[in-house]
A.B. asks: 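Provided herewith is a single structure, encoded as structure tokens, for subsequent inquiry.
For clarity, every value in this text was computed on a predicted model and none was experimentally measured.
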Amino acid sequence: MITNPFGRAGELLTATLEFRRRFSTWRGERPFWAGLFTFTAGLPILYWPYAKLDLGGIPLALSTTSGAGSLVIGTLLLTLGITLCYRPHLRVFAGIATLLLAVVSFPVANFGGLFLGVASGLIGGSLACAWLPPTAEEPPTPPSDGGTTAVPAAEGRSGDC
């Protein structure tokens, strides 16, 4: 007799739904999007100074003296992005540090990773500073049995139109 007609697919679906539920709960308890934008800000800042591009046979390199500054700023932004996800109580410090590093990366690191790092860093830092931890859910209060305070439709008017 067949007891599981869907085989392994049913178990996989159940495990996937459980993972999504747990991830959604985890994500709601921390400034996840701020951490993601901050982490994403560090990637182009790190990439462009060390990239060797070939544009139609013409070598294009953005490696300048900003390589060391880009390495420091990009690594700090990556670290702050991870910090926001795993230490949400440091959100204000990490948000302000992200905003400052994003602004400093504009002149130091090839226009902040060709504007991608600056834009993502400013969004991530702003989200980190604005995020508030979820409050403990209070039980709903029962409605009072007092009279309604709504004004009847005919009594609230003055004058004829």
A.B. asks: Transitively linked via ILVMFWY side-chain contacts under 4.5 Å: Leu36 with Leu90?
C.D. replies: no
A.B. asks: Mind checking whether Trp131 and Pro88 have side chains closer than 4.5 Å, heavy atoms only?
C.D. replies: yes
A.B. asks: Taking all atoms of both residues into account, what is the closest heavy-atom pair of Gly42 and Leu77, and its distance?
C.D. replies: CA-CB, 3.8 Å
A.B. asks: Considering only residues two or more places apart or on different chains, which pairs with a residue in residues 13-24 satisfy side-chain hydrogen bond (donor to acceptor under 3.5 Å, both in side chains)?
C.D. replies: Glu18-Arg21
A.B. asks: Following the transitive rule for hydrophobic clusters with a side-chain heavy-atom cut-off under 4.5 Å over Ile, Leu, Val, Met, Phe, Trp and Tyr, establish whether Leu116 and Leu80 coincide in one cluster.
C.D. replies: no
A.B. asks: May I ask you to test the Ser70-Val108 pair for a side-chain heavy-atom distance under 4.5 Å?
C.D. replies: no
A.B. asks: Which atom names give the shortest non-hydrogen contact between Ala94 and Leu84, and what distance separates them?
C.D. replies: CB-CD2, 3.7 Å
A.B. asks: Heavy-atom count check: over 12 atoms from other residues, nucleotides or ligands less than 6.0 Å from Arg27 CZ?
C.D. replies: yes
A.B. asks: What's the shortest heavy-atom distance between Leu78 and Phe39, and which atoms?
C.D. replies: CD2-O, 3.3 Å
A.B. asks: Is any side-chain heavy atom of Ser126 closer than 4.5 Å to one of Leu99?
C.D. replies: yes
A.B. asks: Grab the two heavy atoms, one from Arg91 and one from Leu132, that are nearest each other, plus how far apart they are.
C.D. replies: NH2-CD2, 4.3 Å
A.B. asks: Can we call the ring centroids of Phe37 and Phe32 under 6.0 Å apart?
C.D. replies: no
A.B. asks: May I ask you to test the Ile73-Val104 pair for a side-chain heavy-atom distance under 4.5 Å?
C.D. replies: yes
A.B. asks: Quick check: is Phe23 connected to Ile82 through a chain of hydrophobic side chains (ILVMFWY, heavy atoms under 4.5 Å apart)?
C.D. replies: yes
A.B. asks: Using a 4.5 Å cut-off on heavy atoms from C-beta on, say whether the side chain of Pro44 contacts that of Leu114.
C.D. replies: no
A.B. asks: Compare every heavy atom of Gly74 with every heavy atom of Leu46, then report the nearest pair and how far apart it is.
C.D. replies: CG-CA, 3.8 Å
A.B. asks: Filter on ring pair (Phe, Tyr, Trp, His ring centres under 6.0 Å), then keep only pairs touching residues 69-104, sequence neighbours left out; what's left?
C.D. replies: Trp26-Tyr86
A.B. asks: When you group the ILVMFWY residues by side-chain heavy-atom contacts below 4.5 Å and let the links chain together, are Phe115 and Leu122 in the same group?
C.D. replies: yes
A.B. asks: Once you round to the nearest 0.5 Å, how far does CG of Leu76 lie from OG1 of Thr98?
C.D. replies: 9.5 Å
A.B. asks: Is a side-chain N or O of Ser105 found less than 3.5 angstrom from the main chain of Ala102, in a donor-acceptor match?
C.D. replies: yes
A.B. asks: Identify the heavy atoms of Gly124 and Ala34 that sit nearest to each other, and give their distance.
C.D. replies: O-CB, 3.5 Å
